[in-house]
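Encoded as structure tokens, the structure appears first; notes follow it.
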Amino acid sequence: MMTEISLNVLDVVQNSICAKADMIGVSVAVDSIRDTLEIIISDNGCGMTEEQVKKVVDPFYTTRTTRAVGLGIPFFKYAAESTGGSFTICSEPGKGTVVTAVFVLSHLDRMPLGDMTGTMHMLITGNNAIDFLYSYAVDGKSFTLDTREFREILGDVPFDMFEVSCYIKEYLQENKDYVDEGRYI
Amino acid sequence: MKTLEELKAIRERMQGQIGVRSESATQTRVVVGMATCGIASGARPVLTAFSDMVQTKNLANISVEQTGCIGLCQYEPIVEIMEPGKDKVTYVKMTPEKALEVFEQHLIRGQVVGKYTISSEMPK
């Protein structure tokens with residue numbers, strides 16, 4: 001098992017990267033009244049057939065050849081469902097995939113959200129050819145980071161250049177602190 | 001709060017520096033396994049440690065990359081260092097502290113840190 005939800009996000013986004021997506025959406029939404037923490041990961045990658053979607057929740061299914069088990073999706077699904085939440089995958093070959101995990105926010109078994117700033121910073125700076133649309137919302141307050149907007153300004157300056165990388169990390173952290181007011185989620 | 005104006009200013013400063021990155025033939029690659037097994041074992045802070053050190057020291061000849069699972073899940077987090085003209089070195093069961101040591105000893109001074117390589121884990 002992962003120790004925090006942000007690691008599940010980091011892991012499941014690797015599937016989108018492997019699926020050759022060039023646009024990946026990550027949305028984190030906390031709603032204290034509905035008592036939910038909802039994570040949506042969407043991509044425009046190669047997608048899966050209905051048959052494959054059924055198989056990916058099986059820990060003994062993987063497209064890898066290096067090992068026989070595939071635990072990324074099962075971990076995420078189990079983590080959400082063990083809180084009384086839900087987990088769904090919608091996918092269409094050639095169009096992309098949407099993975100939605102809803103956690104019951106106040107459930108004792110819900111893992112902490114963890115370092116989403118670290119996860120998004122790593123994904124953005126480590127995959128310069130891919131665009132990310134990240135949104136983070138807590139009880140009505142929210143912020144969005146769209147790397148297409150950054151790319152338009154930066155031109156051919158890559159995201160992993162030191163100053164740009166620092167800017168992105170601080171941008172994520174400052175906006176996160178504004179949105180959740182430093183609350184431990 | 002960070003503004004887009006600041007990003008524009010960074011672009012102005014950086015513009016002249018692009019293109020000084022080394023060609024891939026002279027590039028040293030630090031590759032960190034970031035599949036489920038790696039992430040669950042703590043690969044994220046290891047990758048962050050390497051990226052931060054390389055970026056802070058502005059080492060244009062070293063690239064820090066992510067890869068999937070290479071089938072040695074029990075040894076994760078795994079870091080492979082590939083230097084041009086040399087054999088690949090595989091470090092296993094890495095931590096951010098070990099990453100710092102490998103960065104200073106191997107990447108800066110050119111000395112492989114034998115106690116963390118995969119051969120140190122193999123039965124004698």
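Naming: A, B, ... by sequence-line order, numbering from 1 per chain. Every heavy atom of this structure was used, including side-chain atoms; hydrogens, water molecules and symmetry mates were not.
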* What part of B/Ala35 is in contact with chain A, defined as an atom under 4.5 angstrom from a non-hydrogen atom: side chain, backbone, both or neither? -> both
* To do: Rounded to the nearest 0.5 Å, what's the gap from CD on A/Glu152 to CG on B/Leu7? Could you check?
  => 11.0 Å
* **Heavy-atom contacts under 4.5 Å, residues 29-63 of chain A to chain B** => none
* Mind checking the OG1-OH spacing from B/Thr3 to A/Tyr171? Nearest 0.5 Å is all I need. => 9.5 Å
* To do: With A/Glu163 as reference, evaluate B/Glu6, B/Arg11, B/Met14 under the side chain to side chain contact (heavy atoms under 4.5 Å, CB included) test and give the passing residue.
  => B/Met14
* Do B/Val112 and B/Met53 belong to the same hydrophobic cluster, where Ile, Leu, Val, Met, Phe, Trp and Tyr are linked whenever their side-chain heavy atoms lie under 4.5 Å apart, directly or via other members? -> yes
* Pair A/Met2-B/Thr36, side-chain contact (heavy atoms from CB on, under 4.5 Å): steps then yes or no -> CA-CA 9 Å; A/Met2 299 294 179; B/Thr36 309; 3.7 Å; yes
* Asked: Relative to chain A, which segment of B/Ile39 carries a heavy atom at a distance below 4.5 Å: side chain, backbone, both, or neither?
  -> both
* Residues in salt bridge (Lys or Arg N to Asp or Glu O under 4.0 Å) with B/Glu104, at least two apart? -> none
* Does a sphere of radius 6.0 Å around CZ in A/Phe143 hold more than 12 heavy atoms from other residues, nucleotides or ligands, not counting ones at 6.0 Å or beyond? -> yes
* Considering only heavy atoms, which portion of B/Cys73 lies under 4.5 Å from any heavy atom of chain A: side chain, backbone, both, or neither? -> side chain
* Should A/Phe150 and B/Leu4 be marked as a side-chain contact (heavy atoms from CB on, under 4.5 Å) after you check the CA-CA gap, both sets of side-chain angles, and the distance that decides it? -> CA-CA 8 Å; A/Phe150 286 0; B/Leu4 292 177; 3.7 Å; yes
* Asked: Can you say whether B/Ser41 sits under 4.5 Å from chain A via the side chain, the backbone, both, or neither, judging by heavy atoms?
  -> neither
* Asked: What's in the same ILVMFWY side-chain cluster as A/Leu133, cut-off under 4.5 Å, chained through other members?
  -> A/Met23
* Structure fact -> Scanning both residues in full, the closest heavy-atom pair of A/Asp115 with B/Arg44 reads O-NH1, 3.1 Å
* **When A/Ile153, A/Asn127, A/Asn175 are compared by non-hydrogen pairs under 4.5 Å with chain B, the top option** => A/Ile153
* Close contacts, residues 94-102 of chain B versus chain A, judged by heavy atoms under 4.5 Å -> none
* Asked: At what distance, to the nearest 0.5 angstrom, does CG of A/Asp11 lie from CE of B/Met34?
  -> 8.5 Å
* Inspect the surroundings of NZ in A/Lys141 and state if more than 12 heavy atoms from other residues, nucleotides or ligands are less than 6.0 Å away. => yes
* Could you grab the distance from atom CD of A/Gln14 to atom OG1 of B/Thr67, nearest 0.5 Å is fine? => 9.5 Å
* Single-linkage hydrophobic cluster B/Val46~B/Ile108, side-chain heavy atoms < 4.5 angstrom -> yes
* **Where A/Ser165 and B/Gln55 come nearest, the two heavy atoms and their spacing** => OG-OE1, 2.9 Å
* Minimum heavy-atom separation for B/Lys2 to A/Glu170, with atom names? -> CE-OE1, 2.8 Å
* Nearest heavy atoms of B/Thr48 and A/Lys169, plus distance in Å -> CG2-NZ, 4.3 Å
